[in-house]
Number of protein chains: 2
Amino acid sequence: MTLSPDTRAKELGVAQLPSTPRPPATLRDVAAAAGVSVATASRVLSGNPATSSTSRQAVTAAAAQLDFHPNVQARALRSSRTASIGLLIPDIRNPHFGDLAHCVEMHARERGLVTLISASDERLDTQETALRLLMSHNVDGLIVVPQGRRDSPRGPEALDAVVQRGIPLVLADRMVSGLDVPAVVPGTNGLTDAVNELLSLGHERIALIAGPATSSTGRERRLAFDAALDAAGATPDPDLVHEGDFQPASGREGVARLLGLPPGRRPSAVVIADGPMAVGALAALNERGVRIPQDLSVVAHDDLDAFRLCDPPVSAIAQDIAAMGAVALNLLLEPPADGEERTVRQPTLFIQRGSVAEAGLQKSTTTMEGGDDS
Amino acid sequence: MTLSPDTRAKELGVAQLPSTPRPPATLRDVAAAAGVSVATASRVLSGNPATSSTSRQAVTAAAAQLDFHPNVQARALRSSRTASIGLLIPDIRNPHFGDLAHCVEMHARERGLVTLISASDERLDTQETALRLLMSHNVDGLIVVPQGRRDSPRGPEALDAVVQRGIPLVLADRMVSGLDVPAVVPGTNGLTDAVNELLSLGHERIALIAGPATSSTGRERRLAFDAALDAAGATPDPDLVHEGDFQPASGREGVARLLGLPPGRRPSAVVIADGPMAVGALAALNERGVRIPQDLSVVAHDDLDAFRLCDPPVSAIAQDIAAMGAVALNLLLEPPADGEERTVRQPTLFIQRGSVAEAGLQKSTTTMEGGDDS
DNA sequence: TTGTAGGCGTTATCAG
DNA sequence: CTGATAACGCCTACAA
């Protein structure tokens, strides 16, 4: 009775125990079972047309029989292709990037590619180590929502290394100045529309909780904001722009700073440049009892589900993030030719909801006192 | 002039263009540069003590000089270890699982492991194909938030295959009946506390928007809910339980159904079994003009940032998801011995906020009319 | 302590 | 069309 479970099970005709780690079948096994050489087996399984229907049948049957799955490491070693792509995003917890990751991963999976997802936490050093790790796994391509600028002392060197190694690279959501690779980024048209709408509602003091100037989206949205004010002949007030870092805490800080201004200089409307900062800002406004839109009109970039929990719901500048993911993957798999445009801009859409109202509303109240409702 | 850039650059003696995909250095190169054999180089770099300090210095210097990184595919082929783990979650966009993914990925990266993240979209068939794909990449271990039950006709067969192949497996957030592997799941104490608090506030008709019975969390939360009512001698009303599917739409449906009950049978409080359903439910309540907590007290499982945007903020049952991720990774890397407990329960915490109030409030109003505020 | 050599599983290059 | 066979880059007995 000292038979191995394997033998015993077979002898007794008993169902195999769940824990029978039999080594997976190799191409050799398949070839042997099919009565052909490994070369022929390989050809059949990789769709090489130089095969007879006889061997094709024998090999496919044997492969199915043995539940053969090619060893991806061996294949990668030989062909230097790993059937994997890397995706580096600033923060998985931000639903915006979560959506992006979801979409990229799903489409990649449909094409038989696995996605190695990594997060940079909006930090340059983390981006560097994460990129090195992804590169060390020989991903076939890389989609990156980048950090940092190339003209700063400590720039995104790992990104240069990626390009230098000849690994296909696509930037998503943000660009890096001086790095000429295909990219898909959101347009600023939605933001422009939002500011114009606020202006046409009579708002004269419109604030911006901006993204960091180190990110192209931060810069571009600020430029679009300024340009829209400028085009309307409005005088921009630097005190009405708070530069945040795309994190909720900086949204709160922005609110605190704007509400801390002397009464006459406070804004009657605020535009917030990304979702997490908007969540922080809205939470802070909520805590302070600032009413929207009576005391302050609000527009947020990125249309989060959470905005529908506010009463009235928050106006938003929506992007089709799923489309952005799909475009990024396409740019990666079918790179644009040299002549073609390498930067795709996705339109954004201003969605007006109850959180914006005429500027007159604010003027008729004695609000923005920052917390006391008396 | 039809030379490849490569050849042309060489012939002209021109500085190499930035796109010079020089093949990465191999162990051979390092050994040659250091004047030792590949075996010695390998030993030095893998920390084998059988090395002289002379060769150690030469090899490390050469490796640094050549920017050597071992080829992970070759190493994996030899050692059958890929330095990668797989993580399968239902939905990256759910911040709950986004947090989990973030935490697992971060800790794994600190240990030099890459994480292959995949999403099952709360679907059994997607889970199966995703698992097969992860297995085919020979991940060293797998953390899965599972779908399906083993006793159903089409069960999670791929999970059995994982176990059968001997791949270390840890379940997170949910369990699968009959699958005896290490798991970390949330406790139900927070939910019990929440129901008890509602009861002590005088609520007699407490509704539950439950998770699917196909998931262990769905079942367990419903059981805890029933048990808490039972312990208090309350009579549960099946009409007050709506079984959703953890997605926002089913939260909306639950609200519609509860508000559709005849006035006398409507709930004065509702507990919602996960974050996305809570978002859907709160959005629906908001649209219908149902006031919280005057018309309805609300408690949601999982503490989302979005809940702070509501006025008053929504009471929640919080879990330390980061801890859950850390525990899952630990269970994977250091599996419990046979005698030890294999299922870790993480405590959950009921956080009371303004969205719950005494039951009397509801009775004093003529509300729950579903939209008309007159 | 060091070097030689075999092999992990696959693909690609040759002759047949 | 097929079959030997040589890599791919690394690790590790085994022998020196």
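Reminder, nothing fancy here: chain letters follow the sequence lines and each chain counts from 1.
An OP1 or OP2 oxygen of C:dC8 is reached within less than 4.0 angstrom by no side-chain nitrogen or oxygen of A:Thr26.
Using a distance-only test at 3.5 Å, with no hydrogens or angles considered, no donor-acceptor pair links the side chain of B:Glu105 to the main chain of B:Val114. Of the possible donor and acceptor atoms, one in the side chain of A:Asp140 sits under 3.5 Å from a partner among the backbone N and O of A:Thr82.
A:Leu333 has its side chain within reach of A:Leu329: a pair of non-hydrogen atoms, C-beta onward, lies under 4.5 Å apart.
From A:Ile143, atom CD1 reaches atom CG of A:Leu331 across 8.5 Å, with rounding to the nearest 0.5 Å. Note that CG of A:Leu159 and CG of A:Leu169 are 6.0 Å apart. Values are rounded to the nearest 0.5 Å.
In summary, B:Arg123 and B:Asp125 engage in a salt bridge, as defined by a charged side-chain N under 4.0 Å from a carboxylate O.
Atom CZ in A:Arg78 sits about 9 Å away from atom P in D:dA7, given to the nearest Å. Here the C1' atom of nucleotide D:dC8 and the CZ atom of A:Arg81 are 15 Å apart, to the nearest Å. Taking atom CG of residue A:Leu27 and atom P of nucleotide C:dT10, one finds them 5 Å apart after rounding to whole Å. Atom CD of B:Gln57 and atom P of C:dT1 are 15 Å apart (whole Å).
Counting atom types as modelled, A:Arg75 pairs no side-chain N or O with a base atom of C:dT10 as donor and acceptor under 3.5 Å.
Annotation: proximity of residues 28-52 of chain A to DNA chain C (heavy atom, distance under 4.0 Å) is found for A:Ala39, A:Ser42, A:Arg43, numbered in ascending order.
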